[in-house]
Asker: 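This is the structure, below, for whatever I ask next.
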Amino acid sequence: MELYDVMRTTFSARDFTGDPIPDETLYTILENARFASSGGNRQGWHVIIVRDPQTRQALAQLAEPAAKRYAAQLQAGESPWNSIDPTSVDAATIAQTPAPARLTEPFIKAATVLVVCVDLKLVASIDQDLQRVGVISGGSIYPFVWNLLLSARHEGYGGTITTLPVAQEGNIQELLGIPSHVAVSAVMPLGKPVKQLTKLRRKPVSEFTTFDRWDGKPLMG
Ligand SMILES: Cc1cc2nc3c(=O)[nH]c(=O)nc-3n(C[C@H](O)[C@H](O)[C@H](O)COP(=O)(O)O)c2cc1C
């Protein structure tokens, strides 16, 4: 595929045909994704390829608590899980809110689930002393995670970067034998999408660019 076509059509696939992903294809996807950038080129990634149905079921269950809060906050008109505005939704409301199936079922229905981990002993977390949630550490793993999806798209497959299960990271580490200094960055259902989307909803450039200052003039097309 042409690069810009891949970039403009790599969507979050959550509905999959029953087709498996052959090991050779999985290898090709990983073989190309590994050229992603990471801080200091430390390449702290480790990918666990989960095929076992029971383990995938367990991952789906681990997504539920965070998915319930996500849905409850959306219903309350909030930006779910943001670290700036405290939620107004109480624990009882979250407990009563069902976890949307689209946030849990893909782990069970995908051909495979990739659990992408990153070794925090290798990541330079330059913002670790700032009084806000860490952002920089993710920069050493999400280019790789995104490359996985771009490569999958190129090979005719698709998936979704999911993070909801990571609210239960300790349980994922226990389930999969991951050491405690290794973070889970994404739990990615991967398979053959039922439908290939070609028109993704994204903001135009003029809405997120400014010259010289935050309040400068936008870059127009
Ligand atoms: C950091 C990150 C975390 C995400 N977490 C989840 C998740 O836990 N569950 C899920 O279904 N989608 C998750 N997504 C997928 C986004 O919802 C999706 O990329 C976005 O809605 C755009 O969808 P589209 O590419 O199909 O247009 C995540 C995406 C990113 C980049």
Side-chain angles (χ1 to χ4, degrees), residues 1 4-16 33 36-38 45 47 50 56-75 78-84 87 94 97-118 123 125 127 132-154 156-169 171-172 175 183-205 207-208:
M1 286 183 69
Y4 285 157
D5 283 342
V6 175
M7 289 171 68
R8 295 175 78 102
T9 62
T10 298
F11 71 109
S12 291
R14 297 186 180 86
D15 297 312
F16 303 99
S37 166
S38 59
W45 41 75
V47 181
V50 181
R56 292 195 283 120
Q57 183 78 46
L59 289 170
Q61 267 166 15
L62 290 174
E64 276 184 27
K68 286 158 82 74
R69 171 170 159 185
Y70 193 98
Q73 284 196 262
L74 262 192
Q75 277 165 29
E78 297 179 355
S79 176
W81 282 96
N82 88 78
S83 62
I84 302 296
T87 182
I94 292 171
T97 306
R102 64 192 287 276
L103 298 182
T104 59
E105 281 184 356
F107 304 108
I108 301 163
K109 297 195 168 157
T112 190
V113 174
L114 303 185
V115 178
V116 186
C117 309
V118 60
V123 172
S125 304
D127 56 356
R132 61 154 170 74
V133 72
V135 174
I136 302 292
S137 318
S140 281
I141 190 65
Y142 290 109
F144 172 74
V145 172
W146 185 243
N147 258 5
L148 289 170
L149 280 187
L150 295 179
S151 309
R153 170 78 183 105
H154 190 64
Y157 292 85
T160 296
I161 298 172
T162 88
T163 48
L164 291 171
V166 184
Q168 305 283 317
E169 187 177 70
N171 289 322
I172 301 177
L175 181 72
V184 178
S185 63
V187 182
M188 182 186 286
L190 204 65
K192 181 82 75 180
V194 168
K195 213 168 75 182
Q196 172 59 51
L197 302 190
T198 51
K199 279 205 157 56
L200 310 189
R201 242 174 355 109
R202 298 292 189 266
K203 291 192 270 190
V205 172
E207 270 188 38
F208 61 83

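Note: hydrogens, waters and symmetry copies are ignored here, and every other heavy atom, side chains too, is used. Counting starts at 1 for both ligands and their atoms, following the listed order. Model, not experiment: these values are computed from the prediction.
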Asker: For Ser83 and Arg132, does a side-chain donor sit closer than 3.5 Å to a side-chain acceptor?
Answerer: no
Asker: May I ask you to check if ligand 1 and Ser12 share an N or O to N or O distance below 3.5 Å?
Answerer: yes
Asker: I'd like to check which ligand 1 atoms, numbered from 1 as shown, lie under 4.0 Å from a non-hydrogen atom of Arg202.
Answerer: 22 (C), 24 (P), 25 (O), 27 (O)
Asker: Would you mind telling me if ligand 1 is within reach of the side chain of Thr160, the backbone, both or neither, using heavy atoms under 4.0 Å?
Answerer: side chain
Asker: Taking 4.0 angstrom as the limit and counting only heavy atoms of Leu103, give me the atoms of ligand 1 inside it, by number and element.
Answerer: 10 (C), 11 (O)
Asker: Considering only protein heavy atoms, determine whether one is less than 4.0 Å from atom 21 (O) of ligand 1.
Answerer: no
Asker: Measure from the side-chain N and O atoms of Gln168 to the backbone N and O of Gln61, and report whether any donor-acceptor pair falls under 3.5 Å.
Answerer: no
Asker: What protein heavy atom sits nearest atom 14 (N) of ligand 1, and how far away is it?
Answerer: Ile161 O, 2.9 Å
Asker: CG of Asp15: more than 12 outside heavy atoms within 6.0 angstrom?
Answerer: no
Asker: Between Gln73 and Trp81 (side chain of the first, backbone of the second, donor and acceptor by atom type, cut-off under 3.5 Å), is there such a pair?
Answerer: yes
Asker: Below 3.5 angstrom, do we get any N/O pair linking Phe11 and ligand 1?
Answerer: no
Asker: Would you say Lys192 and Tyr157 make side-chain contact, with heavy atoms under 4.5 Å?
Answerer: yes
Asker: List the closest protein heavy-atom neighbour of atom 12 (N) of ligand 1: residue, atom name, distance to the nearest 0.1 Å.
Answerer: Arg14 NH2, 3.1 Å
Asker: Do Phe107 and Pro165 have side-chain heavy atoms sitting under 4.5 Å apart?
Answerer: yes
Asker: Counting heavy atoms only, name the option from Thr162, Thr10, Val145 that's nearest to atom 9 (N) of ligand 1.
Answerer: Thr162
Asker: Could you pull out, from Leu200, Thr163, Val166, the option with a heavy atom nearest to atom 1 (C) of ligand 1?
Answerer: Thr163
Asker: Is there a donor-acceptor pair closer than 3.5 Å between any side-chain N or O of Thr162 and the backbone N or O of Val187?
Answerer: yes
